Amino acid sequence: MRGELAAEAVFVTGNAPLVEVLHKALATSYLASGRRGGSWAATGYRREDSAIVAGAATHKIVKAHRFLGSIGSRHANVDGRILVFDEAQRTYAKGRPVQGRALVDHEANLVLSAQEESFRGQGSVVVALIGHNQAINSGERGMVAWLEAADALGWTFAACDDTMNLAELDGDTRWKGHERRIRMANGHLRQSMRFYRNVEMEQWADAVLSNDAPRSGEIAQRLRAAGIEIQMTRDLESAREWARDRAVGGLRAGIIASGQARRLAAAGLFVDHKPDIASWMLAPSADLRSSNALETVQNQYQVQGLELDFTIVAWDLDLRRGLSGWQSHKIVGDGWRKDRHSGNRIERISSALDKIEAWHAAVCPRRGCQWSR
């Protein structure tokens, strides 16, 4: 993006941990530069300007739930003529509570209306980054929300044919030939960056959670041949040693688990604790808050969109295999109870594996877990 356009851009994301890590990374890079005594920060800004840039970043990188303001109608101080919306498919429906108030209209409608009001006569661009089939929370409308908002408010929208052919729009004939659609030659990422970095790690996780042991075994063999490790142990300390031996230099290791893995407390891992994610991702290995210390655990929601090089997946009894396949459980009262919404729970728990953004992983089941090698 050209400099004069970048100055007018705001990055909006519903991924709060990502925002915290980005802000912390900016702040510490300026501070570190100042300690070195150089006249230019590593980011390219002069030292006297870095405080201004860091302050602006707090507004330029915005948590989505704060963008519309507390009244749920519009953002009070929009300064981005270009909005880049991360995870745009997770836009909320009318009536969804945001900061304690119900949205007065669909979120996508409110965003476009706010841009029109703030930049009347100047024009505005909204770049919606869509994750396919990832609208998993109640009240999320998916990518069609932005198309309907553009149609209702008379905006032109651009998309390539691959995007228009996604299963989410299957049978919805309104958009592909829409009179205000600009056909793009590019813009659709067929595979995630994680796919290229991790080769077949995602396919292996999918095979495991689809109860397909032969396929998972075949993929594991190919991964092993490519030098990508998937280890299993019931000894958490062995998993820690495995990660410590490999996470050298600037490489990052960490422990993750599903948000329902509460009996991991017996092993000293507390999924409800939620350590400060910025320190967890950025602090050096000698810092006890660092993920590399391998003392604290993050759940799948906290690490979404963040990358580890070596991951320990701590597996609890919330997801277990029975005769009929995978079953999910949660702790109710004095013990485990089968989850009545097992399908939804398995989909969410699966992200503890499916979203491992690492080259290598160790799976550490708690005793009593059933596992298919």
Side-chain angles (χ1 to χ4, degrees), residues 13-21 63-65 86-87 89-90 92 96-97 131 133-140 194 201-202 205-206 208-209 236 239 252-281 289 291 293-308 311-321 326-358 361-371:
T13 177
N15 189 339
L18 175 62
V19 174
E20 293 171 17
V21 171
K63 296 178 183 179
H65 71 281
D86 185 36
E87 301 279 1
Q89 78 284 352
R90 310 193 77 161
Y92 289 143
R96 176 66 153 76
N133 284 338
Q134 291 185 26
I136 62 173
N137 290 331
S138 62
E140 294 177 351
R194 190 184 308 125
M201 185 73 84
E202 287 186 357
D206 177 71
V208 170
L209 293 163
L236 181 58
R252 204 84 196 172
I255 307 174
I256 66 171
S258 82
Q260 290 291 327
R262 292 187 172 90
R263 280 296 294 140
L264 291 177
L269 301 177
F270 303 93
V271 294
D272 290 327
H273 172 50
K274 297 181 182 178
D276 175 63
I277 190 64
S279 298
W280 198 78
M281 287 298 304
R289 299 169 297 175
S291 68
L294 300 173
E295 292 193 2
T296 55
V297 61
Q298 299 281 4
N299 65 40
Q300 72 269 35
Y301 304 111
Q302 287 292 99
V303 297
Q304 183 179 6
L306 301 170
E307 294 188 0
L308 295 171
T311 304
I312 298 172
V313 179
W315 196 293
D316 198 4
L317 290 174
D318 54 332
L319 182 62
R320 61 187 82 169
R321 283 186 69 207
W326 290 105
Q327 298 175 345
S328 65
H329 294 69
K330 59 183 178 180
I331 292 179
V332 178
D334 61 354
W336 292 106
R337 299 288 186 275
K338 188 174 180 179
D339 193 344
R340 289 180 297 175
H341 304 288
S342 184
N344 292 337
R345 183 71 63 193
I346 289 174
E347 178 183 352
R348 296 191 184 192
I349 293 173
S350 72
S351 61
L353 278 179
D354 195 34
K355 292 183 178 178
I356 293 173
E357 296 174 346
V363 180
C364 188
R366 193 168 69 81
R367 289 197 178 277
C369 285
Q370 299 177 17
W371 179 261

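Note that this is a predicted model, so its numbers are computed, not measured. Excluded from the calculations below are hydrogen atoms, water molecules and symmetry mates; all remaining heavy atoms, backbone and side chain alike, are included. By convention here, the first residue in the shown sequence is residue 1.
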Q. Yes or no on side-chain contact (heavy atoms from CB on, under 4.5 Å) for T296 and I255, after CA distance, side-chain angles and deciding distance?
A. CA-CA 7 Å; T296 55; I255 307 174; over 6 Å; no
Report yes if some heavy atom in the side chain of [X] is under 4.5 Å from a heavy atom in the side chain of [Y]; otherwise report no.
X    : Y    : result
V303 : T311 : no
L306 : I277 : yes
R262 : V271 : yes

Nearest atoms (heavy-atom pairs only) where [X] meets [Y]:
X    : Y    : value
A314 : A257 : O-CB, 3.4 Å
A253 : S291 : O-OG, 2.7 Å
R337 : D334 : NH2-OD1, 3.0 Å
A267 : L236 : O-CD2, 4.0 Å
L209 : W326 : O-CD1, 3.3 Å

Treating [X] as the side-chain partner and [Y] as the backbone partner, does any N or O pair qualify as donor plus acceptor under 3.5 Å?
X    : Y    : value
R96  : E140 : no
N299 : Y301 : yes
S328 : D318 : no

Q.
Is there a side-chain contact (heavy atoms from CB on, under 4.5 Å) between D339 and Q327? Walk through the geometry before answering.
A. CA-CA 8 Å; D339 193 344; Q327 298 175 345; over 6 Å; no
Measuring from [X]:[atom1] to [Y]:[atom2], what's the distance to the nearest 0.5 Å?
X    : Y    : atom1 : atom2 : result
D206 : M201 : CG    : CE    : 13.5 Å
M281 : R289 : CE    : CZ    : 14.5 Å
L294 : L269 : CG    : CG    : 10.0 Å

(Q) So, using salt bridge (Lys or Arg N to Asp or Glu O under 4.0 Å) as the criterion, who are the partners of D276 when residues are at least two apart? (A) none
Q.
Go through it in stages, so that I can follow the logic: the residues are L18 and D86, the test is side-chain contact (heavy atoms from CB on, under 4.5 Å), and I'd like the CA-CA distance, side-chain angles, deciding distance and then a yes or no.
A. CA-CA 11 Å; L18 175 62; D86 185 36; 4.2 Å; yes
Q | Modelled atom types, side-chain donor and acceptor of Q300 and Q302, under 3.5 Å | A |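 No, Q302 and Q300 have no side-chain donor paired with an acceptor closer than 3.5 Å.
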Q: Anything under 30° is parallel, anything over 60° is perpendicular, the rest tilted; go ahead and classify W336 against H329.
A: perpendicular
Q: Apply the test side-chain contact (heavy atoms from CB on, under 4.5 Å) to residues L319 and S258: give CA-CA distance (whole Å), side-chain angles for both, the deciding distance (0.1 Å), then the verdict.
A: CA-CA 9 Å; L319 182 62; S258 82; over 6 Å; no
